[in-house]
Amino acid sequence: MSKVVIIGAGGVGTVVAHKCAQNHEVFTDIVLASRTKSKCDAVAEEIRRKYPKANISTDRVDADSVEELCELLRRHQPKMVINVALPYQDLTIMEACLQCGVNYLDTANYEPKDEAHFEYSWQWAYRDRFEKAGLTAILGCGFDPGVSGVFTAYAAKHYFSDMEYLDIVDCNAGDHGKAFATNFNPEINIREITQNGRYYQDGKWVTTGPLEIHQPLTYPRIGPRESYLLYHEELESLVQNFPTIKRARFWMTFGQEYLTHLRVIQNIGMARIDEVDYNGTKIVPLQFLKAVLPNPQDLGENYHGETSIGCRISGKDKEGKPLTYYIFNNCSHEAAYKETGMQAVSYTTGVPAMTGAMMFLTGKWVKPGVHNVEEFDPDPFLKVLAEQGLPWEEIINQDLEL
Ligand code: NDP
């Protein structure tokens, strides 16, 4: 019997719930809990209709409160929590897991609400306590972070003696037909993109202006797309876990229309995350903007095209000869929507989260402590990932453009 509690019923939570229900022989009991229970109920109803053998129930929790979380976990006594709420809730959920003896998995690292800043130190600080409690915490198990780290671990295990240059490349070549919309939570998305860029070079972090460095990169079956250097959280753990890496960067594509809207949003102060007084009410402009932007969960219906996310790595192969290696997945928005009612950005996050939880529940990724995904064996994960809807491909010894 393996019971999981999924916290968060947004785009990603919906996909995780679908994939757990499809694998009901592993996930024998699924509880979907979030702040707004009606959203969980709607997802559960759909799942019961599609997968009558799945055993799913719903609950309500405010995941900012350790006390409420502990009540939830004591009520359901799951083996693992799959945290797909917002990054702000990571620490309260980890704390509750420790207090209640439950294993933990998430897809995004902790961010304080009042500061657009993410780093692993807050969550790595829990290492000793999880280890002593005999509990496993798996951090960053979406696509990027997540599969990007597993791809890198796979490259290290099977191909490289020394990985020297790592570029994680993330392209969304989809079109949702809206002038401006974000593909996942707009608040988290805009905070991520408007901050300074940062990459790792020869043992140091180099800071750039927001979206300052860009160049066209060619994505498989998509073609060239302008790609922008961003800071992304998995770089922090990957350069520690693979110390031969000399340079590590992260690139993401954006269309001109998207960037123009983003510039206007910033210039008029709507990307601010501090409180302003509006007619005696305190509001945070970025949170207000979220309320008027299209809901990312509603984009799926008219979304066409594919995402393509992968790792381009160069260095020395196991015999010491130069090697270039590109491992990636392309995911269709239409196919993701047909299967789960969500677009590919939620799908490519939710499938790896379910896969990571399955790795834990089937005993393949059990390691007390707090770990990033690249610290586990990549082989069983990548096998299941491909079977569960995210097949991956490799290109060896071709020009990486970078
Ligand atoms: P959504 O905004 O669609 O969903 C978030 C969910 O969390 C909502 O159901 C929301 O409830 C719930 N929630 C928010 N605050 C609380 C709270 N205090 N207590 C309980 N529930 C709460 O986000 P997404 O589904 O798009 O993203 C989910 C996570 O996935 C985020 O952390 C995001 O950063 C991460 N992500 C990771 C990616 C990766 O590749 N690694 C890529 C994309 C996303 P309510 O409906 O009431 O607001």
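Keep in mind the model is a prediction, meaning the values are calculated, not measured. Counting convention: from 1, in listed order, for ligands and their atoms alike.
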Residue [X] vicinity, atoms of ligand 1 by number, heavy atom under 4.0 Å:
{"X": "G11", "result": "3 (O), 25 (O)"}
{"X": "T36", "result": "45 (P), 46 (O), 47 (O)"}
{"X": "D62", "result": "17 (C), 18 (N), 19 (N)"}
{"X": "G8", "result": "6 (C), 7 (O), 9 (O)"}
{"X": "K39", "result": "45 (P), 46 (O)"}
{"X": "I188", "result": "34 (O)"}
{"X": "Q297", "result": "3 (O)"}

Heavy-atom contact under 4.0 Å between [X] and ligand 1?
{"X": "G146", "value": "no"}
{"X": "P87", "value": "yes"}
{"X": "S34", "value": "yes"}

Should we count [atom1] of [X] as having more than 12 external heavy atoms under 6.0 Å?
{"X": "E387", "atom1": "CD", "result": "yes"}
{"X": "K367", "atom1": "NZ", "result": "yes"}
{"X": "Q215", "atom1": "CD", "result": "yes"}
{"X": "K50", "atom1": "NZ", "result": "yes"}

Flag [X] as yes when one of its N or O atoms lies below 3.5 Å from any N or O atom of ligand 1, and as no otherwise.
{"X": "F184", "value": "no"}
{"X": "A108", "value": "no"}
{"X": "G10", "value": "yes"}
{"X": "A63", "value": "yes"}
{"X": "P145", "value": "yes"}

Strictly under 6.0 Å, is that where the ring centroids of [X] and [Y] end up?
{"X": "H24", "Y": "Y51", "answer": "no"}
{"X": "Y337", "Y": "H333", "answer": "no"}
{"X": "W365", "Y": "F381", "answer": "yes"}

Inset, instruction - Would you verify whether the NZ or CZ of R263 falls within 45 degrees of the ring axis of F180 while also being under 6.0 Å from that six-membered ring's centre? - result: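 The answer is no, since R263 fails at least one limit relative to F180.
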
Inset, instruction - Please tell me if the side chains of M163 and K246 come closer than 4.5 Å, counting only heavy atoms from C-beta onward. - result: no

Inset, instruction - Report yes if some heavy atom in the side chain of Y200 is under 4.5 Å from a heavy atom in the side chain of L235; otherwise report no. - result: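 Not in contact.
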
To check your reading of the model: name the closest protein heavy atom to [atom], its residue, and the distance in Å.
{"atom": "atom 9 (O) of ligand 1", "answer": "A9 N, 2.9 Å"}
{"atom": "atom 31 (C) of ligand 1", "answer": "A85 O, 3.2 Å"}
{"atom": "atom 5 (C) of ligand 1", "answer": "L86 CD2, 3.9 Å"}
{"atom": "atom 27 (O) of ligand 1", "answer": "V12 CG2, 3.6 Å"}
{"atom": "atom 22 (C) of ligand 1", "answer": "R35 CB, 3.9 Å"}

Inset, instruction - Using only heavy-atom distances, determine whether the side chains of E234 and S148 contain a donor-acceptor pair under 3.5 Å. - result: yes

Legend entry - Side-chain H-bond candidate by donor/acceptor type, K290 with Q287, under 3.5 Å: no

Legend entry - Under 3.5 Å: donor-acceptor pair, side chain of S227, backbone of P216: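 No: the side chain of S227 does not pair with the backbone of P216.
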
Inset, instruction - Classify the contact between T349 and ligand 1 as side chain, backbone, both or neither, using a heavy-atom distance cut-off of under 4.0 Å. - result: side chain

Inset, instruction - Identify which of I309, T348, N185 has a heavy atom lying nearest to atom 2 (O) of ligand 1. - result: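 That would be N185.
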
Inset, instruction - Going by heavy-atom distance to atom 41 (N) of ligand 1, choose the closest among N295, V61, T107, D64. - result: T107

Inset, instruction - Report the relative orientation of the aromatic rings in H232 and F250; use parallel for angles under 30°, tilted for 30 to 60°, perpendicular for over 60°. - result: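 Because their plane-to-plane angle is under 30°, the rings of H232 and F250 count as parallel.
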
